[in-house]
Amino acid sequence: MTDRDSPVTADELHAYVDGMLPADRKGTVEAWLASHPDDAARVAEWRAQAEVVRNRYRAVAEEPVPARFDLAKLARPRTSWRMIAAAAVLAAAIGVLAGWMGRAASTPGPASVEAITAEALSAHQLYIAEVRHPVEVSAAEQHLIPWLSKRVGTNLRMPDLNEYSLKLLGGRLLPGPIGPAAFFMYENPSGERFTIYCSRSKKARTALRYQSGGEVAAMHWVESEIGYVVSGPNDRDRLAKIAQSAYEQMENPPSRGAAFPLISRKGS
Amino acid sequence: MSGFRPSVEAAIPALRRYARALTHDAELADDLVQDTLVRALRSEHLFHGGDVRSWLYTILTNLNRNRLRSLARRPAHMSIEDNDAPDAAGPEAGERDIERALASLVDDQRTALLLVVLEGLTYREVAEIQGVPIGTVMSRLARARIQIKSYLDGGTRPALRRVK
């Protein structure tokens, strides 16, 4: 037998309304309510609220489930027309590049600058068309650059391209010709996208070169056995300026504490 | 896990109801549900037993919170001018009142209240979904109830009064 006046907490009143009161307290709470009209009024009020809320939305749960929620369909990977279009563009680009590389005399070995550039342009074509998932890890996540640096095996310093209204969206890890490749995407307010691809190369060093592949083009160079490819719309002057800026920032890092998160961590 | 898909499927009507009450926008609500389902299906292999329903509510709650964060610069759900005294009688007026009362709540309080009252989850489940101790769920619930009452009583301008 519990004392009628044993204190009942506010939490217990809520639990009583929500049907979550332990059975052994129910009698106590009910007795309490019988002698405490203020609390009884609150309980009644909360019950009425709950009833109004449930009535308001009951119909939604009773509607037939719309076809868009067909799980079998949702489980399938997205193959929108956009993806198909991107694949077609990619196939065309590969064709163009294959032709282009065929002309370029010697067959490029797997780690040649040409092979890296071809990979970079393919990735560029494929991912700039992606609306929803252009990057795997967004630039907002601090581990983006350390992670990709580690995978590629060098300290990547991603350039600040604000001068060209380009903001780093993020990046992803890709297979490169002879090892992992880091792929970064930049975007300007009008939605134009530039990408920077970095992967290990067997060459130690090359000059900055331009390569056009149809609607897109790339500027590439190799430094310390890492190949870098800056890809964007086929506008040689602009691409050259952007690549030059990227090159200078990536190869000649400004003093520490620069505004952009230049990565110089642990590394090897 | 053979029960996974059927469990997800069975939860869809309730998820739609919850999303609708959270957003008051049928289109947006269904988008949230769809995103929730896609995510759940994508992580199906990560799911080793446990309560599918509760997990789905967790995803939806987080997605909605992300959405609100991205809108954070926008003013609250309703303008203050909108907050005239609750409309005169009639069932429609009553529906609008409860919608507005819910919209006047702080997001975490609204979420807690809806999960308990509308979706019938236990305090413990709600605590897990919101990632807070049960005591916090209780105080969110209590504040939500006080706020709704004062809103429906027509006296208080929710945007101006902080319910402590």
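No hydrogens or angles considered: nothing links the side chains of Glu128(B) and Thr58(B) as a donor-acceptor pair under 3.5 Å.
Ring orientation note: the planes of His36(A) and Trp32(A) are close to parallel, at an angle under 30° on the 30°/60° scale.
Only the side chain of Asp35(B) comes within contact range of chain A, judged by heavy atoms closer than 4.5 Å. Interface remark: Ala48(A) contributes no atoms to any contact with chain B (heavy atom separation under 4.5 Å). The part of Leu121(B) that comes within reach of chain A is its backbone (N, CA, C, O), which places non-hydrogen atoms under 4.5 angstrom from that chain. Proximity to chain A is limited to the side chain of Leu114(B), based on heavy atoms less than 4.5 angstrom apart.
Inter-residue side-chain proximity for Arg193(A) and Leu169(A) is flagged as met; some heavy-atom pair is nearer than 4.5 Å.
By number of non-hydrogen pairs under 4.5 angstrom with chain B, the leading residue of Ala10(A), Gly19(A), Ala15(A) is Ala15(A). Most heavy-atom pairs under 4.5 Å with chain B: of the set Ala50(A), Ala61(A), Pro66(A), this distinction falls to Ala61(A). Ranked by heavy-atom pairs shorter than 4.5 Å toward chain B, the options Asn55(A), Val65(A), Leu71(A) are led by Leu71(A). Considering only heavy-atom pairs separated by less than 4.5 Å from chain B, the leading option among Arg54(A), Arg58(A), His14(A), Arg42(A) is His14(A). For the set Val8(B), Ile12(B), Leu15(B), Leu113(B), the entry with the most heavy-atom pairs within less than 4.5 Å of chain A is Ile12(B).
Using a 4.0 Å cut-off between charged side-chain N and carboxylate O, Arg56(A) and Asp97(B) make no salt bridge. A salt bridge is defined here as a Lys NZ or Arg NE, NH1 or NH2 lying under 4.0 Å from an Asp or Glu carboxylate O, and Glu62(A) with Arg17(B) fails to meet this definition. Between Arg124(B) and Asp51(B) there is no salt bridge, since no side-chain N of the basic residue sits under 4.0 Å from a carboxylate O of the acidic one.
Just one residue in the list Arg25(A), Glu30(A), Lys26(A) forms a side chain to side chain donor-acceptor pair (under 3.5 Å) with Tyr16(A), and that residue is Glu30(A).
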